[in-house]
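Computation of the quantities below employed the complete heavy-atom set of this structure, encompassing side-chain atoms and omitting hydrogens, waters and symmetry-equivalent molecules.
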Amino acid sequence: MTTVALALALSVVVGLSLGLLGGGGSILMVPLLVYVTGLDAREAIAASLVVVGVTAAVGAAGHARAGRVRWRTGLIFGLAGMAGAFVGGLVGARLPAQVLLVAFALMMTVTAVAMLRGRREIDPAEQHSELPVARVLLDGAVVGLVTGLVGAGGGFLVVPALALLGGLPMGVAVGTSLLVIALKSLAGLAGYLTTVSLDWTLVGAITVAAVLGSLAGTRLVDRIPADALRRGFGWFVLAMGAFVLVQQAPDAIRVPGLLVLAAVAVSMAGCAAWVASCPLRRVGRPGAA
């Protein structure tokens with residue numbers, strides 16, 4: 001009971017970060033489910049797809065009411081993403097847990113770096129005036145494959161793709177990305193459910209907690225400096241990714257690996273603090289994941 005209460009409390013925090021940052025928090029759901037509730041990696045990824053999908057759908061509904069969802073573009077990208085996510089879910093459900101957790105830790109690292117850099121503004125000259133359907137289908141399938149495999153929403157990949165390929169303004173790209181994430185999370189979940197069973201009572205409670213946290217975060221978004229929050233959260237996600245990698249490493253290389261990761265983190269922090277041309281110093285809008 002104490003474990004469940006802790007998981008629910010942490011789910012609210014994850015949802016809060018989603019509401020505050022517009023994304024990124026869902027990347028923490030898998031390690032939360034693995035290390036707090038004790039779920040197997042496959043079950044944790046499948047459960048995270050439920051949380052990500054429902055939370056994204058709630059967010060997309062809010063953006064749709066404000067007119068910030070481009071349905072045609074979102075559905076084309078989303079349907080391709082669903083195909084990729086279903087395949088990713090089928091593959092992921094049959095991979096060893098250690099492989100999945102290592103892949104997920106690498107995804108956490110990429111997400112953390114994207115959050116630290118911030119979301120760059122899209123040059124209008126780079127955008128397509130007409131929707132390149134073939135490229136959108138290809139990108140959607142690839143991003144969907146990643147989502148289905150590791151259970152993360154991949155918003156940091158979807159938003160720039162929608163802005164560049166779909167020619168969408170950033171605010172509309174964010175709203176449309178939530179529709180895409182909801183669709184491909186559903187398909188990824190379907191792939192996992194071919195071999196994985198879930199405790200739906202636990203998953204439902206965690207999903208409700210995350211959604212409530214997300215709604216609370218949305219209300220607080222104007223009261224907290226978003227850039228400082230994004231960067232702090234990015235470093236936390238990076239640390240969690242390193243923790244998962246170290247946990248999955250063989251005992252013989254665990255300590256040397258930890259030292260290497262610490263050295264890399266110090267180098268990144270030094271780059272961000274003192275190197276004027278460091279990519280990590282780019283300031284942008286909050287990243288999504």
N/O donor to acceptor pairs below 3.5 angstrom from side-chain atoms of residues 97-109, sequence neighbours left out:
residue: Q98; atom: NE2; partner: Q248; partner atom: O; Å: 2.5
residue: T109; atom: OG1; partner: A105; partner atom: O; Å: 3.0

Anything under 3.5 Å between a donor and an acceptor, one on a side chain of residues 27-42, the other on a protein residue two or more places apart or in another chain? List them.
residue: T37; atom: OG1; partner: L33; partner atom: O; Å: 2.4
residue: D40; atom: OD1; partner: R42; partner atom: NH1; Å: 3.4
residue: D40; atom: OD2; partner: R42; partner atom: N; Å: 2.8
residue: D40; atom: OD2; partner: R42; partner atom: NH1; Å: 3.2
residue: R42; atom: NE; partner: A93; partner atom: O; Å: 3.4
residue: R42; atom: NE; partner: L95; partner atom: O; Å: 3.1
residue: R42; atom: NH2; partner: L95; partner atom: O; Å: 3.0

**Asked** What distance separates I76 CD1 from L79 CG, expressed to the nearest 0.5 Å?
**Response** 8.5 Å
**Message:** Side-chain heavy atoms nearer than 4.5 Å, only ILVMFWY residues, links allowed to pass through others: does that put V142 and V87 together?
**Reply:** no
**Request:** Could you work out the complete set of other residues in the hydrophobic cluster of F86, with links drawn between I, L, V, M, F, W and Y side chains under 4.5 Å apart?
**Result:** L90
**Message:** Is there a path of hydrophobic side-chain contacts, each under 4.5 Å between heavy atoms of I/L/V/M/F/W/Y residues, joining L215 to V208?
**Reply:** no
**Message:** Test of understanding: clusters of I, L, V, M, F, W, Y form through side-chain heavy atoms closer than 4.5 Å, transitively. Do I206 and V58 belong to the same one?
**Reply:** yes
**Request:** Using side-chain contact (heavy atoms from CB on, under 4.5 Å) as the criterion, list what pairs up with L189, not counting sequence neighbours.
**Result:** A46, L49, V50, L193, L198, W200
**Message:** Is there a side-chain contact between V172 and V69 in this structure, where contact means two heavy atoms from C-beta onward sitting under 4.5 Å apart?
**Reply:** no
**All pairs passing salt bridge (Lys or Arg N to Asp or Glu O under 4.0 Å) where residues 138-149 contributes a residue, at least two apart** = R135-D139
**Prompt:** Can you check whether A210's main-chain N or O pairs, donor with acceptor, with S214's side chain at less than 3.5 Å?
**Reply:** no
**Fill in**
Scanning both residues in full, the closest heavy-atom pair of A47 with V203 reads CB-CG2, 3.8 Å
**Contact summary for S185 and V52, nearest pair of heavy atoms** = OG-CG1, 3.4 Å
**Rounded distance (nearest 0.5 Å) linking atom CG of L183 with atom CZ of F77** = 11.5 Å
**Verify same cluster id: L8, L10 (apolar side-chain graph, 4.5 Å)** = yes
**Prompt:** Linking I/L/V/M/F/W/Y whenever their side-chain heavy atoms sit closer than 4.5 Å, directly or via other members, would L75 and M82 fall into one cluster?
**Reply:** yes
**Request:** Would you mind listing every side chain to side chain donor-acceptor pair (under 3.5 Å) that reaches into residues 50-71, with sequence neighbours excluded?
**Result:** H63-R68
**Asked** Mind checking what makes salt bridge (Lys or Arg N to Asp or Glu O under 4.0 Å) contact with D199, not counting sequence neighbours?
**Response** none
**Prompt:** Who pairs with A182 by side-chain contact (heavy atoms from CB on, under 4.5 Å), at least two apart in sequence or on another chain?
**Reply:** A56, A57
**Interatomic distance, L145 atom CG to K184 atom NZ [nearest 0.5 angstrom]** = 10.5 Å
